[in-house]
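Everything numeric in this text was worked out from a predicted model, so none of it was measured. Below, all heavy atoms of this structure are taken into account, side chains as well, without hydrogens, waters or symmetry copies. The residues of the chain are indexed from 1 along the displayed sequence.
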Amino acid sequence: MTVESTAARKPRRSSGTKRAAGAANAAAKPAAATAQTQDVVPQLVQLLTPEGDRVENAENAEFAPFVADITTEDLRGLYRDMVMTRRFDGEATALQRQGELGLWASLLGQEAAQIGSGRALNDEDYVFPTYREHGVAWCRGVDPTNLLGMFRGVNHGGWDPNTNNFHLYTIVIGSQTLHATGYAMGVAKDGADSAVIAYFGDGASSQGDVAEAFTFSAVYNSPVVFFCQNNQWAISEPTERQMRVPLYQRAQGFGFPGVRVDGNDVLACLAVTRWALDRARRGEGPTLVEAFTYRMGAHTTSDDPTKYRRDEETAAWEAKDPILRLKAHLLATGGADEAFFTELEAESEAMGKRVREAVRAMPDPDTMAIFENVYADGHALVDEERAQFAAYLASFEEGH
């Protein structure tokens, strides 16, 4: 349907009429926007309530079978993953405050989204993270101390991506979704029985790279899961200023399904991600998973969330803490006793001490290393710059 321009089919109004019409339109816009938003009713897949009770309803019926094999031991393992990840994250934050790290991006409050999705992966699946996926890194077997080298400025990542099928952290917002899509296209051409998952945040979903990744993945039916952790704040910008519809519904415009899951429910995140990965491996193309969660801390240690968030909002989400939720479920079902939690606390403290000591013992990198591996076969300009920098450093040793 072609819509004719209003200017083409209506006579000119006087400037006074224009101003009156403009004021009327301006007054009508908020109501129209509200109506449009209210017409969209978000669905939320949830298997555990904030109180730890098991949920069975129509919204989760399709996904519940994907965790039917989860045992009590598995639940204790998920709980341990979240506790250890939070302890590591807290230690890293403290290290940054003590001047041992240049910066740190905390995942506090997002443990369930990361552990649930991370434990859904097969060994052959490939992960493309942002810079906050410390829980997923834990699930992939990356040593926590390796995550800190980049934030201390002593390396460019510290691990071989192909060893754990876990790519290096990506600082450029949203670009990893394109990397994941291209990798998934290659997986499909190779005929491999594996899937790819790309992590990003609600703020990154507004980036052009993400839209391009959605387009290419849909057109080429790529085996990729786009896992968006909607922690509701793109630094200081709330989601209601970023989008007019629930984030997961954006997938419809690109031609593939989107699902919103309770991002503080580790069991639901596990189920939905398994479902999405299963679709990808069967050749059914991409899926957008929106894990609806909350960033309990600052965006990074250079941020102060008290400047733009209300204490009441944070307190409301503290009541939905993903770790306390699973603990309540374990206690209510007899899946764990106090001895289990006490032993885990001691284990997490020991891990924190190991991380702290490892970071402080990290050697400074070779000053001249910045000139290595720039070109495969060397370059005259790089050689010249290396010589100039070496002379500059030597001048300090000579007392100049």
**Asked** Are Tyr169 and Trp104 near enough that their ring centres are under 6.0 Å apart?
**Response** no
**Item:** Residue pair Asn162 / Tyr126, side-chain heavy-atom distance below 4.5 Å
**Value:** yes
**Shortest non-hydrogen contact from Thr170 toward His167** = OG1-ND1, 4.4 Å
**Request:** Count the heavy atoms of every other residue, nucleotide or ligand shown that sit under 6.0 Å from CG of Asn373, and state whether that count exceeds 12.
**Result:** no
**Message:** Is there a side-chain contact between Leu44 and Glu59 in this structure, where contact means two heavy atoms from C-beta onward sitting under 4.5 Å apart?
**Reply:** no
**Prompt:** Would the number of heavy atoms belonging to other residues, nucleotides or ligands and lying under 6.0 Å from NE2 of His156 be above 12?
**Reply:** no
**Gap between atom CG of Leu247 and atom CG of Leu288 - 0.5 Å precision** = 6.0 Å
**Asked** Which is it for Gln114 and Met82 under the side-chain contact (heavy atoms from CB on, under 4.5 Å) test, yes or no, and what are the steps along the way?
**Response** CA-CA 9 Å; Gln114 295 194 17; Met82 290 195 291; over 6 Å; no
**Message:** As a quick check of understanding, evaluate ring-ring contact (aromatic ring centres under 6.0 Å, His included) for Phe256 and Phe214, giving each step before the final call.
**Reply:** CA-CA 9 Å; Phe256 57 86; Phe214 286 179; 5.5 Å; yes
**Request:** Could you tell me whether the side chain of Trp138 reaches within less than 4.5 Å of the side chain of Pro144, counting heavy atoms only?
**Result:** yes
**Check: Gln229/Glu290 side-chain N/O donor and acceptor closer than 3.5 Å** = no
**Asked** Without hydrogens or angle criteria, can the side chains of Thr314 and Asp311 be said to hold a donor-acceptor pair below 3.5 Å?
**Response** no
**Request:** Could you tell me whether a side-chain N or O of Asp337 sits under 3.5 Å from a main-chain N or O of Phe340, the two making a donor and an acceptor?
**Result:** yes
**Request:** Check the hydrophobic clustering (I, L, V, M, F, W, Y; side-chain heavy atoms under 4.5 Å; chains of links allowed) and say if Ile323 and Phe292 are grouped together.
**Result:** no
**Request:** Could you tell me whether Asp265 and Lys320 make a salt bridge, using a distance below 4.0 angstrom between a side-chain N and a carboxylate O?
**Result:** no
**Asked** Counting distance only, does the side-chain N/O of Arg325 pair as donor-acceptor with the main-chain N or O of Ala319 below 3.5 Å?
**Response** no
**Complete:** Output for pair (Cys269 SG, Leu47 CG), nearest 0.5 Å, gives 9.5 Å
**Request:** Could you walk me through whether Phe227 and Val272 pass side-chain contact (heavy atoms from CB on, under 4.5 Å), step by step?
**Result:** CA-CA 10 Å; Phe227 194 92; Val272 169; over 6 Å; no
**Request:** Report yes if some heavy atom in the side chain of Val225 is under 4.5 Å from a heavy atom in the side chain of Pro286; otherwise report no.
**Result:** no
**No-hydrogen, no-angle side-chain donor-acceptor test under 3.5 Å, Arg309 and Gln232** = no
**Request:** Examine Lys327 relative to Phe341 and say whether NZ or CZ is less than 6.0 Å from the centre of the six-membered ring and inside a 45° cone about the ring axis.
**Result:** yes
**Message:** Does any part of the side chain of Tyr199, heavy atoms only, come nearer than 4.5 Å to the side chain of Gln176, both counted from C-beta?
**Reply:** no
**Check: Tyr294/Glu313 side-chain N/O donor and acceptor closer than 3.5 Å** = yes
**Request:** Salt-bridge test for Arg86 and Asp89: reply yes if a basic N is under 4.0 Å from a carboxylate O, no otherwise.
**Result:** no
**Message:** Please give me the minimum heavy-atom distance between Thr177 and Thr181, naming the atom from each residue.
**Reply:** O-OG1, 2.8 Å
**Prompt:** Can you check whether Gly52's main-chain N or O pairs, donor with acceptor, with His329's side chain at less than 3.5 Å?
**Reply:** yes
**Message:** To check you understand the geometry: which heavy-atom pair defines the closest contact between Glu100 and Arg360, and what is its length?
**Reply:** OE2-NE, 3.6 Å
**Message:** Please tell me whether Arg250 and Ser205 have a donor and an acceptor in their side chains that are separated by less than 3.5 angstrom.
**Reply:** yes
**Asked** Does atom CD of Glu240 have more than 12 heavy-atom neighbours from other groups under 6.0 Å away?
**Response** yes
**Message:** Starting from Val259, can I reach Phe254 by hopping between I/L/V/M/F/W/Y residues whose side chains sit under 4.5 Å apart?
**Reply:** no
**Request:** Determine the interplanar angle of the Phe389 and Phe371 rings, folded into 0 to 90°, and report it as parallel if under 30°, tilted if 30 to 60°, perpendicular if over 60°.
**Result:** tilted
**Request:** Give a yes-or-no answer on whether the side chains of Asn264 and Thr293 include a donor-acceptor pair shorter than 3.5 Å.
**Result:** yes
**Cluster overlap Leu330 with Met84, hydrophobic side-chain contacts below 4.5 Å** = yes
**Message:** Does any part of the side chain of Phe226, heavy atoms only, come nearer than 4.5 Å to the side chain of Thr287, both counted from C-beta?
**Reply:** no
**Message:** Closer than 3.5 angstrom, by distance alone: can the side chain of Asp383 be matched with the main-chain N or O of Arg386 as a donor-acceptor pair?
**Reply:** no
**Message:** Quick check for you: to the nearest 0.5 Å, what is the distance between Phe63 atom CZ and Asn60 atom CG?
**Reply:** 9.0 Å
**Heavy-atom donor-acceptor pair, Arg274 side chain to Ala120 backbone, under 3.5 Å** = no
**Message:** Using the rule that Ile, Leu, Val, Met, Phe, Trp and Tyr join whenever any side-chain heavy atoms are under 4.5 Å apart, tell me whether Met351 and Leu101 fall into a single cluster.
**Reply:** yes
**Expected output: side-chain Tyr248 to main-chain Gln43 donor-acceptor under 3.5 Å** = yes
**Prompt:** Under 3.5 Å, is there a donor-acceptor pair between the side chain of Asp125 and the main chain of Val196?
**Reply:** no
**Request:** Might you point out which heavy atoms bring Ser302 and Thr300 nearest each other, and give the distance in Å?
**Result:** OG-OG1, 2.8 Å
**Asked** Under 4.0 Å between a Lys/Arg side-chain N and an Asp/Glu carboxylate O for Asp143 and Arg354?
**Response** yes
**Request:** Name the orientation class of the two ring planes belonging to Tyr131 and His299 (parallel below 30°, tilted from 30 to 60°, perpendicular beyond 60°).
**Result:** perpendicular
**Item:** Other residues, nucleotides, ligands: >12 heavy atoms within 6.0 Å of Glu312 CD
**Value:** yes
**Flag side-chain contact, heavy atom, 4.5 Å: Val136 against Phe166** = yes
**Complete:** To the nearest 0.5 Å, atom CD of Gln46 lies from atom CG of Leu267 at 11.0 Å
**Asked** Which atom pair, heavy atoms only, marks the closest approach of Asn57 to Val55?
**Response** ND2-CG1, 3.2 Å
**Message:** For Asp123 versus Arg140, what's the shortest heavy-atom pair and its separation?
**Reply:** O-NH2, 3.3 Å
**Asked** Donor-acceptor pair, Tyr183 side chain versus Phe128 backbone, under 3.5 Å?
**Response** no
**Asked** Any ion pair linking Glu91 and Arg87 (charged N to carboxylate O, less than 4.0 Å)?
**Response** yes
**Message:** Evaluate Leu147 against Trp159 for side-chain contact (heavy atoms from CB on, under 4.5 Å), listing each step before the verdict.
**Reply:** CA-CA 8 Å; Leu147 300 177; Trp159 65 90; 3.6 Å; yes
**Item:** Salt bridge Arg80-Glu347, side-chain N to carboxylate O under 4.0 Å
**Value:** yes
**Asked** For Gly109, does its backbone N or O pair with a side-chain atom of Glu111 as donor and acceptor, under 3.5 Å?
**Response** yes
**Asked** If you round to the nearest 0.5 Å, how far is CG of Asn221 from CZ of Phe216?
**Response** 15.0 Å
**Request:** Before giving the answer on side-chain contact (heavy atoms from CB on, under 4.5 Å), spell out for Leu48 and Asp53 the whole-Å C-alpha distance, their side-chain angles and the decisive distance to 0.1 Å.
**Result:** CA-CA 5 Å; Leu48 290 177; Asp53 299 325; over 6 Å; no
**Request:** Taking atom types as modelled, find out whether Tyr79 and Asp74 have a side-chain donor-acceptor pair closer than 3.5 angstrom.
**Result:** no
**Message:** So does Asp202 get a backbone contact from the side chain of Asn230, meaning a donor-acceptor N/O pair under 3.5 Å?
**Reply:** no
**Request:** Nearest 0.5 Å please: distance from the CG atom of Asp160 over to the CG atom of Asn165.
**Result:** 10.0 Å
**Asked** Taking side chain as C-beta onward, heavy atoms only, is Arg281 less than 4.5 Å from Asn122?
**Response** yes
